[in-house]
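The block underneath contains the structure these notes are about, expressed in structure tokens.
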Amino acid sequence: MSNDEFRAAMSRLAAGVVLVTAQEPPLDPDDPGAPGVEDVGMTATAFLSVSLDPPLVLVSLREGSRMDDLLAEQPLWAVSVLTESQRHIAGRFAMKGRISDRLLFEDVPCVRGEVTGAPLVGGALATLECRTEERVSAGDHTLVIGRVLTAEVPSAEGGPLLYFRGRYRQLG
């Protein structure tokens, strides 16, 4: 089986789209105008519930990606379950060779997580704050299992943003 055959087969599985966020130390600690922490975000479609008791979730991160490296050092992170009207946010944080995350977050309405301090997207279907419990190496990815510390269901309207056959979709 080739990588293309595997990719084509897996593209037939619809997946919800989330924005995973965390904070990292300042990129330039010697710059007095730099923020005290930097927000980092990444679009993910490999995200799922693992356990109800204790509440655990899993996100799959490309090994060596910025988020994988950050979560190896920073145990606190957050997830925003995106709505069908937030496709632009998903696309923005999925870009390869993108501009700085600071600029990507600039016009995205967010609130700070009470526990993690990580950005939570305003209007998301659900938001979760997590602490890493375990990291598992799996091929070219790292499976990060997180204990859910907070879970909220804001009064968001609309359906979920989905990813199917290589494109963002919506129900119906």
Side-chain angles (χ1 to χ4, degrees), residues 1-24 39-101 103-105 108 116 118-121 124-149 151 153 156 158-172:
M1 172 192 61
S2 71
N3 286 351
D4 288 341
E5 290 169 323
F6 180 64
R7 186 177 290 116
M10 295 311 298
S11 76
R12 285 1 185 229
L13 177 64
V17 182
V18 302
L19 184 67
V20 179
T21 57
Q23 292 184 317
E24 70 179 353
D39 294 326
V40 178
M42 181 201 89
T43 301
T45 57
F47 175 78
L48 57 102
S49 169
V50 173
S51 169
L52 184 60
D53 187 17
L56 299 174
V57 293
L58 177 148
V59 65
S60 180
L61 306 174
R62 190 180 74 251
E63 189 175 85
S65 67
R66 183 173 181 196
M67 189 63 75
D68 182 37
D69 291 345
L70 175 57
L71 294 189
E73 302 293 325
Q74 159 62 279
L76 298 175
W77 45 284
V79 175
S80 297
V81 179
L82 299 180
T83 69
E84 58 198 6
S85 66
Q86 295 172 323
R87 176 185 303 220
H88 64 288
I89 296 172
R92 177 183 295 187
F93 285 92
M95 289 188 300
K96 291 184 180 6
R98 63 190 196 205
I99 58 175
S100 78
D101 282 26
L103 294 175
L104 294 178
F105 277 107
V108 174
T116 64
L120 299 168
V121 177
L125 288 177
T127 59
L128 307 165
E129 291 185 275
C130 306
R131 183 185 65 238
T132 300
E133 291 277 309
E134 189 173 351
R135 293 172 52 87
V136 179
S137 180
D140 59 1
H141 277 65
T142 302
L143 306 179
V144 179
I145 300 169
R147 180 179 295 257
V148 179
L149 305 172
V153 181
L161 180 61
L162 301 176
Y163 193 72
F164 179 70
R165 294 182 82 173
R167 294 183 34 210
Y168 295 117
R169 314 279 180 140
Q170 57 192 51
L171 288 177

*Return the set of residues passing salt bridge (charged side-chain N to carboxylate O under 4.0 Å, His left out) with R169 (not counting sequence neighbours), or none when no residue passes.*
none
*asked:* Salt bridge check, R66 against D69: does any charged N sit closer than 4.0 Å to a carboxylate O?
replied: no
*Could you check if a side-chain atom of D68 sits within less than 4.5 angstrom of a side-chain atom of R135, using non-hydrogen atoms only?*
yes
_Using the rule given for side-chain contact (heavy atoms from CB on, under 4.5 Å), can you reason through S60 versus L143, listing the C-alpha separation, both sets of side-chain angles and the distance that settles it, and then say yes or no?_
CA-CA 5 Å; S60 180; L143 306 179; 3.7 Å; yes
_CZ on R92 to CG on L103, rounded to 0.5 Å_ = 9.5 Å
*Out of curiosity, D140 CG to S65 OG, how far, rounded to the nearest 0.5 Å?*
10.5 Å
*Taking all non-hydrogen atoms of both residues into account, name the closest pair between Q74 and L76 and its distance.*
OE1-N, 2.8 Å
*How far does CG of L82 sit from OH of Y163, to the nearest 0.5 angstrom?*
14.0 Å
*Of all the heavy-atom pairs spanning E63 and G139, show the shortest one and how long it is.*
OE2-O, 3.9 Å
*asked:* On a heavy-atom basis, which atom in G158 and which in E84 lie closest, and how many Å separate them?
replied: CA-OE2, 3.9 Å
_Nearest atoms (heavy-atom pairs only) where V50 meets L58_ = CG2-CB, 3.5 Å
*Using atom types as modelled and distance alone, determine if a side-chain donor or acceptor of S51 lies under 3.5 Å from a backbone N or O of D53.*
yes
*Are side-chain heavy atoms of D39 and Q23 found at a separation under 4.5 Å?*
yes
_Measuring from atom CG of L19 to atom CG of L161, what distance do you get when rounded to the nearest 0.5 angstrom?_
11.0 Å
*Working to the nearest 0.5 Å, report the span between CD of E24 and CE of M67.*
9.0 Å
*Under 6.0 Å from the CG atom of L171, do we count more than 12 heavy atoms belonging to anything else shown?*
yes
*Search all heavy atoms of V57 against all heavy atoms of W77 and return the closest pair with its distance.*
CG2-CH2, 4.0 Å
*asked:* Please report the interatomic distance CD(Q86) to CG(L125), rounded to the nearest 0.5 Å.
replied: 7.0 Å
*Please identify each residue that fulfils salt bridge (charged side-chain N to carboxylate O under 4.0 Å, His left out) with R131, with sequence neighbours left out.*
E133
*Do other residues, nucleotides or ligands put more than 12 heavy atoms under 6.0 Å from the CZ atom of R12?*
yes
*pair V59-V144: side-chain heavy atoms closer than 4.5 Å*: yes
*For A94 against T43, the heavy-atom pair lying closest together*: N-OG1, 3.5 Å
*Look only at the side chain of S11 and the backbone of G166, and say whether a donor-acceptor pair between them is shorter than 3.5 Å.*
no
*Taking the side chain as every heavy atom from C-beta outward, state whether C130 and V148 have any atom pair closer than 4.5 Å.*
yes
*Is there a side-chain contact between T127 and V121 (heavy atoms, below 4.5 Å)?*
no
_Counterpart residues, side chain to side chain donor-acceptor pair (under 3.5 Å), relative to S85 (two or more places apart)_ = T83
